[in-house]
Protein chains: 4
Amino acid sequence: MAESRKRADARRNEQSLLDAAAAAFVSDGVQVPVRDIAAKAGVGVGTIYRHFPTRADLIVAVYRHQVEACAEAGPRLLRESPGPYAALTSWIDLFADFLITKHGLAEALQSEDAAFQSLHTWFLDRLVPVCDQLVRAADSRLGAFELMYAVGNLCIGAGRDDRYDARRVVGVLLDGLRPRCATP
Amino acid sequence: MAESRKRADARRNEQSLLDAAAAAFVSDGVQVPVRDIAAKAGVGVGTIYRHFPTRADLIVAVYRHQVEACAEAGPRLLRESPGPYAALTSWIDLFADFLITKHGLAEALQSEDAAFQSLHTWFLDRLVPVCDQLVRAADSRLGAFELMYAVGNLCIGAGRDDRYDARRVVGVLLDGLRPRCATP
Amino acid sequence: MAESRKRADARRNEQSLLDAAAAAFVSDGVQVPVRDIAAKAGVGVGTIYRHFPTRADLIVAVYRHQVEACAEAGPRLLRESPGPYAALTSWIDLFADFLITKHGLAEALQSEDAAFQSLHTWFLDRLVPVCDQLVRAADSRLGAFELMYAVGNLCIGAGRDDRYDARRVVGVLLDGLRPRCATP
Amino acid sequence: MAESRKRADARRNEQSLLDAAAAAFVSDGVQVPVRDIAAKAGVGVGTIYRHFPTRADLIVAVYRHQVEACAEAGPRLLRESPGPYAALTSWIDLFADFLITKHGLAEALQSEDAAFQSLHTWFLDRLVPVCDQLVRAADSRLGAFELMYAVGNLCIGAGRDDRYDARRVVGVLLDGLRPRCATP
DNA sequence: AATGAATGAGTTTTCATTCAT
DNA sequence: TATGAATGAAAACTCATTCAT
């Protein structure tokens with residue numbers, strides 16, 4: 001009983017760590033010093049290292065749930081959408097929305113820092129197969145990796161400047177993929 | 001005479017600095033340690049700081065000529081292309097090519113690092129008006145800033161993974177901008 | 001009854017702690033992280049600190065029995081050996097054997113780390129008087145402290161390199177103490 | 001000229017660094033924090049790292065001259081001593097003296113820390129061959145490595161306690177190596 | 001004007017020790 | 001009493017920036 005209590009505490013603590021890390025990633029970028037995350041979370045640096053031995057572990061943990069949800073939406077959209085192209089655009093909208101609202105994530109995915117390698121790997125391993133199904137069904141001119149990479153890049157800096165609306169641009173990109181009417 | 005000679009030397013020196021910096025930016029990114037640039041240029045770090053007090057000054061200097069050339073190409077393309085949409089795509093191709101071949105520049109333009117602020121400003125001040133002319137002529141759904149921002153982002157990481165072809169994706173984006181045939 | 005059972009449990013627990021510590025000292029040296037000892041013993045670090053408030057307490061406890069046995073062997077050897085020099089060499093062999101087989105102990109005895117101060121003290125308080133009897137009986141050129149210190153040092157790193165055989169070197173040192181035949 | 005002046009300064013600086021490091025090694029052991037050495041030398045830590053990229057580099061530099069002198073004494077003693085055993089004892093005395101007066105060095109040589117690996121290697125590479133010549137000439141029962149290792153160990157902690165005289169103990173060890181008169 | 005040595009703040013990481021559960 | 005999560009003081013190492021030569 002005492003144990004389950006402690007475990008519950010630790011879990012709560014870990015969640016507050018994740019929340020602080022997520023906030024820090026957004027405001028300062030994923031390269032934010034561990035010490036800063038610890039300060040934001042109101043814990044010592046050692047606590048971070050106990051829970052997340054490497055920075056990649058922390059990042060993966062921060063984004064795990066959301067990536068999961070995104071992955072699970074793929075097959076569902078394919079079933080429920082009026083057509084394969086609609087399914088693809090819906091999923092890409094979802095994917096872009098996820099990245100846009102997780103300001104800082106798109107940047108992290110694009111970073112070449114070795115600390116993010118395992119993040120890239122995990123992210124792509126989980127989502128590319130999902131996207132691939134949609135892409136094949138819609139007979140898209142861009143492959144799953146390429147499309148995701150493009151959308152990921154387009155989401156970088158979303159919200160930084162009012163003149164740039166990532167969702168609109170992603171819409172234009174998807175329009176570029178739309179099956180055309182014949183040119184006379 | 002001695003003075004003009006000295007000035008010529010200084011100019012030569014500065015040019016070799018710029019060449020070294022350009023090379024370093026390409027191979028190691030724009031965040032490359034100043035010491036590395038100095039070593040590549042065969043000068044002391046003090047010399048770099050004398051010529052370019054801030055990193056942004058150095059970056060602006062490195063890319064000045066190329067941005068100039070790109071800016072000057074705008075009006076010319078508008079005159080010489082078969083139509084405004086063709087002019088726009090030609091210019092965007094030029095712009096994307098510039099970014100893609102300047103590996104690291106797209107990343108720098110997107111970086112939030114304060115050291116790059118003046119780079120952003122200068123870059124946009126010079127090119128957005130040019131692009132704006134083209135965009136208006138072509139009656140594009142995306143504004144000049146937005147389009148340039150999008151293309152800039154799409155060029156990030158170009159060449160890092162064979163599965164991602166930035167030029168092809170930019171092509172798709174431009175297709176999304178193409179005037180449509182009427183829907184019956 | 002319940003109490004004596006509890007006390008027996010505690011003693012068993014403490015013994016398993018000592019065993020784990022002894023093993024950790026051997027494999028990783030006496031500076032081994034407390035956490036590692038705790039892990040080896042299958043207890044929390046808090047338990048170690050409860051039983052042994054300082055590292056020295058733990059070390060002393062680990063080696064107590066063996067030092068005791070060594071101390072008790074002194075008078076016995078003096079009684080049972082063919083002569084006092086033989087008794088001294090036998091005891092020193094015993095002492096060296098103890099140190100050599102307790103890989104890490106010789107290093108600990110020599111360490112200047114404050115955490116080991118009480119170990120030094122206890123060790124010498126217990127054994128120097130024993131050695132002193134033997135040394136006096138054998139009329140050795142080296143005093144008890146000096147001889148023990150020397151042998152202790154010679155045992156440092158025993159087993160680390162095949163080219164160094166601590167027992168052989170101790171033998172040579174004892175040879176140097178052997179009463180000489182007259183030089184003609 | 002300006003260059004040679006600067007180089008002279010740097011050399012002087014490096015020497016003061018070495019002096020500070022030597023003092024720090026003696027008083028705090030060779031594991032002394034780099035920051036402490038820097039403080040002792042009155043320089044920033046960066047200066048230490050500039051001159052000596054790794055701790056081993058610093059240690060080797062601190063002891064280089066003295067090891068050199070010791071190595072060079074070997075052949076000379078072999079030529080000039082009344083006999084090979086006398087040459088060996090003279091050299092070992094020299095070697096022990098070196099270690100004893102460089103309080104902390106014997107400990108360093110015995111340390112298993114990876115940072116000292118190159119120190120061990122260099123030290124042995126330089127001196128074992130010298131000792132080997134002497135050992136072979138004197139037909140010693142102990143090999144060069146073993147004898148040096150033993151003497152090195154005996155010098156650990158020399159000067160820490162008045163009851164231990166490393167020179168006397170080394171003398172006894174050498175006595176143990178002395179050719180014996182026949183036992184009747 | 002050029003040099004590069006020196007500086008030291010900033011970051012990561014480890015681990016002894018405390019203390020809430 | 002036992003646990004192990006949390007703490008935070010060290011320690012190593014890097015690099016932008018300054019400044020004596």
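Within every chain, numbering begins at 1; the chains are lettered A, B, ... in the order of the sequence lines, protein sequences first and strands thereafter. As a basis for the values below, the full set of heavy atoms in this structure was taken, side chains included, without hydrogen atoms, waters or symmetry mates.
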- Message: Output the rounded distance in Å from CZ (Phe116(B)) to P (dA16(F)).
- Response: 11 Å
- To the nearest angstrom, how far is Glu14(D) atom CD from dG4(E) atom C1'? 15 Å
- For atom CG of Asn13(D) and atom P of dT21(F), their distance in whole Å: 12 Å
- Task: With pairs defined as Watson-Crick or G-U wobble and both distances under 3.5 angstrom, please note down DNA chain E as a dot-bracket string, | for pairing with another strand.
- Result: .||||||||||||||||||||
- Toward the 5' end of DNA chain E, by each residue's nearest nucleotide, Arg50(B) or Pro53(A): Arg50(B)
- Note on the structure: Whole-Å distance, Leu17(A) CG to dA6(F) P, equals 8 Å
- Message: Closest approach to the side chain of Arg55(B), judged atom by atom: which nucleotide of dA16(F), dG8(F), dA5(E) is it?
- Response: dA16(F)
- Report the C-alpha distance between Gln31(A) and Asp113(A) in whole Å, list the side-chain angles of each, state the deciding distance to 0.1 Å, and finish with yes or no for side-chain hydrogen bond (donor to acceptor under 3.5 Å, both in side chains). CA-CA 9 Å; Gln31(A) 301 273 15; Asp113(A) 193 311; 3.2 Å; yes
- Task: Rounded off to whole Å, could you give me the CD1-to-C1' distance for the Ile48(A) and dA5(F) pair?
- Result: 13 Å
- Query: Under 4.0 Å between a side-chain N or O of Thr47(D) and OP1 or OP2 of dA5(E)?
  - Reply: no
- Message: Measuring from atom CZ of Phe116(C) to atom CG of Leu109(C), what distance do you get when rounded to the nearest 0.5 angstrom?
- Response: 9.5 Å
- Query: Atom CZ of Arg55(D) and atom OH of Tyr49(D): how far apart are they, to the nearest 0.5 Å?
  - Reply: 7.5 Å
- Message: Looking at dA6(F), I'd like to know if its phosphate oxygens (OP1 or OP2) sit under 4.0 Å from a side-chain N or O belonging to His51(A).
- Response: yes
- Side chain to side chain, Tyr63(A) and Phe123(A), heavy atoms closer than 4.5 Å: no
- Message: Can you tell me how far apart OG1 (Thr47(D)) and CD1 (Ile37(D)) are? Round to the nearest 0.5 Å.
- Response: 12.5 Å
- Task: Answer yes when Asp57(A) and Arg64(A) have at least one side-chain N-carboxylate O distance shorter than 4.0 Å, and no when they do not.
- Result: no
- Query: Where is the tightest heavy-atom contact between Gly104(D) and Val30(D), given as atom of each residue plus distance?
  - Reply: O-CG1, 4.0 Å
- Query: Within this structure, what is the CZ-to-P distance between Phe52(A) and dA6(F), rounded to whole angstrom?
  - Reply: 10 Å
- Mind checking the CD1-OG spacing from Ile59(D) to Ser118(D)? Nearest 0.5 Å is all I need. 7.5 Å
- Using a strict cut-off of less than 4.0 Å between a Lys/Arg side-chain nitrogen and an Asp/Glu carboxylate oxygen, indicate whether Arg160(B) and Glu107(B) qualify as a salt bridge. yes
- Item | First encountered from the 5' end of DNA chain E, between Gly46(C) and Tyr49(A) | Tyr49(A)
- Quick one: pull up CG in Leu17(D) and CG in Leu58(D) and give me the separation to the nearest 0.5 Å. 7.0 Å
- For Ser111(A), does its backbone N or O pair with a side-chain atom of His120(A) as donor and acceptor, under 3.5 Å? yes
- Message: Please give me every residue in residues 103-114 of chain D whose heavy atoms get under 4.0 Å of an atom in DNA chain E, ordered by residue number.
- Response: none
- Item | Stretch residues 24-43 of chain C: residues that reach within less than 4.0 Å of DNA chain E through a heavy atom | Pro33(C), Val34(C), Arg35(C)
